[in-house]
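Since the structure comes first, as structure tokens, the remarks are kept for the end.
In what follows, chains are A, B, ... by sequence order, proteins preceding strands, each numbered from 1. Given the structure is predicted, the values throughout are model-derived calculations rather than measurements.
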Number of protein chains: 2
Amino acid sequence: MKFGTILLYGIVLGLILVLPAYFQYQFMFMTYGVEWHIGFIALLFLVIGVWVGNQLWANRKLESAQNTPIVRSGNPGAPGLSQREFEVLCGIAEGLSNQEIASKMHVSLNTVKTHVANLYDKLDVKRRTQAVQVAKTLGLLS
Amino acid sequence: MKFGTILLYGIVLGLILVLPAYFQYQFMFMTYGVEWHIGFIALLFLVIGVWVGNQLWANRKLESAQNTPIVRSGNPGAPGLSQREFEVLCGIAEGLSNQEIASKMHVSLNTVKTHVANLYDKLDVKRRTQAVQVAKTLGLLS
DNA sequence: CACGGGCTCACCCAAAAGCATGAATTTGTC
DNA sequence: GACAAATTCATGCTTTTGGGTGAGCCCGTG
């Protein structure tokens with residue numbers, strides 16, 4: 001997020017905080033009592049919080065969307081996958097189970113599991129679907 | 001969103017509104033003065049607002065973020081995926097676990113499992129990686 | 001030769017995913 | 001309002017995945 005945006009938010013929030021504290025003292029505070037005043041402040045800031053939350057989230061979403069292509073162009077083969085690990089990754093991307101990959105590669109299920117585990121470690125993921133997604137953004141898979 | 005969730009939110013908000021109004025009068029109010037009290041309430045509800053906003057809009061965010069592909073594809077092969085089924089498909093493609101998808105959509109794990117099962121039936125697949133692969137070849141996902 | 005990396009396999013355990021089934025609720029349509 | 005589709009949730013069960021550990025083999029490098 002840009003610094004100017006943060007500053008803008010800060011100014012808006014500050015104004016909204018200060019203005020009521022300045023004005024309400026003379027009207028609502030004395031007229032309706034402190035309970036209503038506090039309730040008003042609470043409701044006001046609840047709404048502001050919702051708004052701010054949405055603003056923050058929108059920015060985060062934009063950033064993540066922009067990040068994806070950057071990573072792709074920067075890292076061609078960075079994770080350093082070995083031959084077998086890459087073959088296993090391809091099998092995963094095809095939607096095969098570990099057992100099917102094992103049969104295809106003529107190795108045991110345990111071996112595939114080991115490759116898969118090392119693969120996850122290098123790609124820094126925890127699930128096979130995530131591995132596929134990350135591998136595609138890294139340009140490892142088409 | 002189910003009724004229980006709304007009720008829960010209401011109770012939490014009500015408690016947070018009432019409790020300070022009850023306790024602070026005896027401590028902070030007298031100790032630090034009304035300005036600090038109001039500031040505290042404002043900050044508290046600002047945070048609550050951010051949280052509530054994220055909870056309320058998370059669903060809509062997911063839909064809007066993932067609606068683009070289905071519009072783009074225009075339902076060619078017509079596997080006839082429902083809205084929710086497509087949303088979980090997007091979650092799967094992102095590499096999320098069923099539990100994470102459930103949290104994101106504000107439904108239970110069991111519900112996600114049901115959607116996933118129906119999804120597999122319609123796409124004629126048996127695993128989530130396969131579902132992603134098939135969905136991409138069908139043009140359902142980019 | 002010793003060392004490290006890659007490949008292979010095994011075992012155990014926990015978590016996640018998947019399958020089948022039933023059911024309540026909501027929603028859209030006729 | 002009736003009906004179908006969609007959505008939600010649950011329960012019990014099996015299979016698949018993932019994590020951790022250990023170990024034997026081969027091969028290239030220092």
Q) Salt bridge or not for B/Lys126 and A/Glu100, using N-O below 4.0 Å? A) no
(Q) Rounded to whole Å, how long is the line connecting atom CD of B/Glu100 with atom P of D/dG18? (A) 13 Å
Q: Starting at atom OH of B/Tyr120, determine the distance to atom C1' of C/dA17, rounded to an integer number of angstrom.
A: 7 Å
(Q) Nearest 0.5 Å, please: how far is CD in B/Gln130 from CG in B/Leu123? (A) 9.5 Å
Q: Have a look at B/Lys113 and say if it touches a base, only the backbone sugar-phosphate, or nothing, with a 4.0 Å heavy-atom cut-off.
A: base
Q.
Whole angstroms only, please: what is the CZ-C1' distance between B/Arg128 and C/dA15?
A. 13 Å
Could I get a table of every N or O pair under 3.5 Å where one atom is in the protein and the other is in nucleotides 6-9 of chain C?
| unit_1 | atom_1 | unit_2 | atom_2 | d |
| --- | --- | --- | --- | --- |
| C/dC7 | OP1 | A/Arg84 | N | 3.4 |
| C/dC7 | OP2 | A/Ser82 | OG | 2.3 |
| C/dT8 | OP1 | A/Arg84 | NE | 3.1 |
| C/dT8 | OP1 | A/Arg84 | NH2 | 2.7 |
| C/dT8 | OP2 | A/Arg84 | NE | 3.1 |
| C/dT8 | OP2 | A/His115 | NE2 | 2.8 |
| C/dC9 | OP2 | A/Ser108 | N | 2.7 |
| C/dC9 | OP2 | A/Thr111 | OG1 | 2.9 |
| C/dC9 | O5' | A/Thr111 | OG1 | 3.4 |
| C/dC9 | N4 | A/Thr114 | OG1 | 3.1 |

Q: Write down the atom of A/Thr137, the atom of A/Val134, and the distance for their closest heavy-atom approach.
A: OG1-O, 2.8 Å
Q | Length of the CG-P vector between A/Asn98 and D/dT16, whole Å | A | 10 Å
Without placing hydrogens or testing angles, list every side-chain donor-acceptor pair under 3.5 Å for residues 87-95 of chain A, not counting sequence neighbours.
| unit_1 | atom_1 | unit_2 | atom_2 | d |
| --- | --- | --- | --- | --- |
| A/Glu87 | OE1 | A/Arg84 | NH1 | 3.0 |
| A/Glu87 | OE2 | A/Gln83 | NE2 | 3.1 |
| A/Glu94 | OE1 | A/Lys104 | NZ | 3.1 |

Q | Single-linkage hydrophobic cluster, 4.5 Å side-chain cutoff, A/Met105 and A/Leu96 together | A | yes
Q | Value in whole Å for how far the C1' atom of D/dT7 lies from CD1 of B/Ile101 | A | 16 Å
(Q) Tell me the interatomic distance from B/Lys126, atom NZ, to C/dC19, atom P, rounded to whole angstroms. (A) 6 Å
Q: Step by step, work out the side-chain contact (heavy atoms from CB on, under 4.5 Å) result for B/Arg128 and B/Tyr120.
A: CA-CA 8 Å; B/Arg128 45 180 46 218; B/Tyr120 292 168; 3.1 Å; yes
Q: Report the distance from atom CD of A/Gln130 to atom P of D/dG18, rounded to the nearest whole Å.
A: 10 Å
Q | Atom pair distance, as rounded to whole Å: CD1 in A/Ile92 and C1' in C/dA17 | A | 15 Å
